[in-house]
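Read the structure below first, then the notes.
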Amino acid sequence: MRTLSVVSQKGGSGRTTLSLHLATAAERAGLMAAVVDLDPQASAWKWSQRRKGAPPEVITAVADQLPEIKARAAQGLDLLVIDSAPHADRAALTACKMADHILIPTRASILDLDALTPVLDLVEMSRKPATALLNGVSTQTTVDVEEARDAIGARGIALYPAYIHERVAYKRALISGQTVLETGADPKATREIEALYAWVCSTLGIEIKTDVAAVA
Ligand SMILES: Nc1ncnc2c1ncn2[C@@H]1O[C@H](COP(=O)(O)OP(=O)(O)OP(=O)(O)O)[C@@H](O)[C@H]1O
Ligand SMILES: [Mg+2]
């Protein structure tokens with residue numbers, strides 16, 4: 001089993017959206033996946049309630065429970081995604097330590113980019129590999145995103161090579177307890193998530209079961 005922790009200090013950067021989409025992508029590709037929801041807001045868990053039992057399973061937990069959850073998950077799961085709370089605190093550090101890889105979603109604004117610093121400190125403490133990802137990128141202009149790329153590069157952190165753009169389909173899908181993979185409302189959003197999932201698989205060393213994905 002591989003573990004991906006999705007961590008950032010800033011609220012609204014897209015941790016929950018990406019965690020749920022990646023775990024769902026894994027399930028649709030024939031893997032067993034679950035999401036650990038570390039956020040007391042329990043957004044991921046509430047989404048799973050709207051799905052009425054459809055996978056992936058979402059487990060609410062506090063960070064101290066992570067070692068036990070991970071040990072249990074290792075028995076049957078292929079992928080565990082940890083959706084952390086909007087803080088760079090001890091709980092986020094535990095989430096980083098539990099990870100095989102850390103994904104750090106950020107918006108392209110200066111306030112969000114400034115908030116990367118404490119998270120990068122945690123990453124360093126955890127000694128785990130990490131990649132920043134620009135989420136909510138405008139489909140209208142590339143100026144912000146070019147500045148953001150430079151700012152992230154200057155911090156010496158790897159950057160996911162594509163973007164997740166601002167698309168209403170992401171928001172709408174979560175409201176109905178789904179993902180863009182399931183609603184099919186926006187093919188561009190679907191392709192963005194498929195590409196991100198493929199990147200996660202390659203980064204974590206998960207074999208992509210293309211035959212299952214093709215019929216899902
Ligand atoms: N790429 C996107 N396009 C459009 N809406 C998005 C995108 N990413 C996230 N959102 C929306 O932005 C809001 C915040 O996203 P999300 O809840 O995933 O972030 P978070 O980092 O988990 O926030 P929180 O601090 O509340 O836990 C949600 O309403 C979500 O639907
Ligand atoms: Mg969240």
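Start at 1 and go down the list; that is how both ligands and their atoms are numbered. Note that this is a predicted model, so its numbers are computed, not measured.
Checked for salt-bridge contact, Arg72 and Glu68 meet the test: a charged N lies under 4.0 Å from a carboxylate O. Ion pair Arg51/Glu182 flagged as a salt bridge, since at least one NZ, NE, NH1 or NH2 atom sits closer than 4.0 Å to an Asp/Glu carboxylate oxygen.
Checked against a 3.5 angstrom limit, the closest N/O atoms of Lys10 and ligand 1 fall outside it. The N/O atoms of Leu174, backbone and side chain alike, include none that comes under 3.5 Å of an N/O atom in ligand 1. Taking only nitrogen or oxygen atoms, main chain and side chain alike, Tyr170 does not reach within less than 3.5 Å of ligand 1.
Residue Ser43 places no heavy atom under 4.0 Å from ligand 1. Heavy-atom distances between Gln9 and ligand 1 stay at or above 4.0 Å for every pair.
Residue contacts with ligand 1 for His21 are absent, since no atom lies close enough (heavy atoms, distance under 4.0 Å). With a heavy-atom cut-off of 4.0 Å, Ser13 touches ligand 1 through backbone and side chain alike.
Ligand-side atoms of ligand 1 in range of Gly11: 25 (O), range being under 4.0 angstrom from any heavy atom.
Around the Mg ion (ligand 2), protein N, O or S atoms at a distance under 2.8 Å total 1; waters are neither shown nor counted.
Annotation: His21 is not in aromatic contact with Tyr197 [ring centroid separation under 6.0 Å not met].
Compare Asn135, Leu18, Ile193, Ile164 by their heavy atoms: the one nearest to atom 7 (C) of ligand 1 is in Asn135.
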